[in-house]
Amino acid sequence: MTSIGDGAGSVSDVEQPLLGGWVSGPVRVGDTVRRSPGPNNDFVRLLLQHFEQHNWTGAPRWLGVDDQGRETLTYIDGDVPWQQPGRYPDGLAAVARLVRQCHDLTAGTALAGDREVVCHNDLSPKNTVYRDGRPTALLDWDTAAPGERIHDVAHMCWQYLQLGPSVTNPRGLRILCDAYGLTDRTHLIDTILWWQDRCAHGIETGGAATTKLRAAGTAREVRAAHAWVTAHRTELTRLLAT
């Protein structure tokens, strides 16, 4: 395992806290990001190294571990719309193509095992770096795991369109699916509902890692989104085909 020295004393080594990452506590140090390793760290390292070997620039590079035992990644410059998830509505097709690239790079590999691909499992604007309004990279691969393509596509549709009472562009469903190239959309709405229920339950019953989310009312927001999708599933299904 590579060790990365901190080089204390350099102006470029001043730690700057980054938004998000309530669990991993990410900070920027020069051109790197330092964060607490998660339980999935070994898999994430292999995945990021796989992307690097294929010259894919849609994810950070894994650089090693610093003197404090923190995972060290390359810092990707750009805008992460953490507090304004709908800031870049024109980037939907590009997001879908970025996700498709990730999936295609992992399909049929040992990383995917007996599943279709490796899924990111937390696709959202807050985990996306934009430059000039276009998505360039995906962040926070802590929950990446073997899975099916539709799992990530469904999560992408939910999060990038903010499917729920505050949705502004439900027709984006068709844009995302067309750009990704998802041909079988039969179970997409059901999978979106599965994600929403799973996430709400995880926040409601989780331990210390989800305390801030509970306090912020996130579980209630997700339950409201689930109720909205349920009420509009016929309309949403029709949008996928027209």
Side-chain angles (χ1 to χ4, degrees), residues 4 15-66 70-88 91-106 111 117-145 147 151-162 176 180 195 199 209-210 212-213 218:
I4 306 294
E15 296 191 358
Q16 305 173 47
L18 297 172
L19 286 175
W22 286 346
V23 177
S24 59
V27 296
R28 179 181 178 182
V29 181
D31 292 329
T32 69
V33 171
R34 315 293 176 95
R35 58 200 302 277
S36 300
N40 200 30
N41 189 57
D42 288 341
F43 182 83
V44 173
R45 172 176 56 82
L46 292 173
L47 179 62
L48 296 182
Q49 289 174 335
H50 175 77
F51 289 150
E52 182 176 10
Q53 290 165 5
H54 287 80
N55 298 311
W56 191 57
T57 58
R61 298 284 183 257
W62 192 86
L63 300 177
V65 177
D66 71 7
R70 297 177 299 185
E71 177 184 65
T72 304
L73 309 168
T74 53
Y75 175 79
I76 301 177
D77 192 31
D79 178 39
V80 179
W82 174 254
Q83 294 175 314
Q84 294 178 285
R87 188 185 303 170
Y88 300 116
L92 292 178
V95 163
R97 288 192 289 268
L98 197 63
V99 174
R100 179 61 187 258
Q101 291 170 9
C102 156
H103 285 175
D104 287 351
L105 281 173
T106 60
L111 290 165
V117 296
V118 172
C119 289
H120 181 283
N121 286 323
D122 195 15
L123 294 169
S124 69
K126 74 178 184 297
N127 287 331
T128 307
V129 180
Y130 290 81
R131 291 199 197 108
D132 299 321
R134 309 295 290 179
T136 60
L138 303 172
L139 306 176
D140 195 355
W141 293 84
D142 282 350
T143 56
H151 292 161
D152 260 355
V153 175
H155 200 284
M156 173 178 67
C157 289
W158 168 29
Q159 289 289 312
Y160 287 88
L161 299 177
Q162 301 177 70
L176 288 169
Y180 179 89
W195 266 121
C199 289
T210 59
K212 291 183 178 179
L213 292 174
T218 304

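Atom set for the values below is all heavy atoms of this structure, side chains included, hydrogens, waters and symmetry mates excluded. Computed from a predicted structure; not experimentally measured.
Scored by the salt bridge (charged side-chain N to carboxylate O under 4.0 Å, His left out) test, Arg87 finds Asp79 as partners (sequence neighbours excluded). In terms of the ring-ring contact (aromatic ring centres under 6.0 Å, His included) criterion, residue partners of Tyr88 (sequence neighbours excluded) are, by chain and number, Tyr130. Residues forming a side chain to side chain contact (heavy atoms under 4.5 Å, CB included) with Pro37 (at least two apart in sequence, or on another chain): Asn41. Listed by chain and residue number, Asn121 satisfy the side chain to side chain contact (heavy atoms under 4.5 Å, CB included) test with Ala145 (two or more places apart in sequence, or in another chain). Partners of Tyr160 by ring-ring contact (aromatic ring centres under 6.0 Å, His included), not counting sequence neighbours: none found. The ring-ring contact (aromatic ring centres under 6.0 Å, His included) search around His155 returns Trp158, Trp195, not counting sequence neighbours.
Looking only at side-chain heavy atoms (C-beta outward), Val129 and Tyr75 stay at 4.5 Å or farther from each other. Side-chain contact between Asp142 and Arg35: present, with at least one pair of heavy atoms (C-beta onward) separated by less than 4.5 Å. Using a 4.5 Å heavy-atom cutoff, the side chains of Thr72 and Val29 are not in contact. At least one side-chain heavy atom of Leu48 sits under 4.5 Å from a side-chain heavy atom of Leu73. Between Phe51 and Trp141, some side-chain heavy-atom pair lies under the 4.5 Å cut-off.
Here the closest non-hydrogen pair linking Ala137 and Leu98 is N-CD2, 3.9 Å. Of all heavy-atom pairs spanning Pro85 and Pro125, the tightest one is O-CG, 3.3 Å. Arg28 and Gly30 get closest at one heavy-atom pair: NE-O, 2.8 Å.
A donor-acceptor pair under 3.5 Å is formed between the side chain of Arg131 and the backbone N or O of Asp77. Distance alone, capped at 3.5 Å, places no donor-acceptor pair between the Thr106 side chain and the Val117 backbone. Using modelled atom types, one side-chain atom of Arg100 and one backbone atom of Tyr180 make a donor-acceptor pair closer than 3.5 Å. Proximity of a side-chain donor or acceptor of Asp140 to a complementary backbone N or O of Asn127 within less than 3.5 Å is not detected.
Distance NE2/His151 to NE2/His103: 10.5 Å, rounded to 0.5 Å. Once rounded to the nearest 0.5 Å, the distance linking CZ of Arg70 with OG of Ser36 reads 8.0 Å. A distance of 4.5 Å separates CE of Met156 from CG of Leu176, quoted to the nearest 0.5 Å. Between the CD atom of Gln49 and the CZ atom of Arg61 there is a distance of 11.0 Å, given to the nearest 0.5 Å. Rounded to the nearest 0.5 angstrom, Leu105 CG and His54 NE2 are separated by 6.0 Å. Residue Thr128 holds its OG1 atom at 7.5 Å from NE2 of His120, rounded to the nearest 0.5 Å.
Across Asn40, Asp42, Leu46, a single residue satisfies side-chain contact (heavy atoms from CB on, under 4.5 Å) together with Val44, and that is Asn40.
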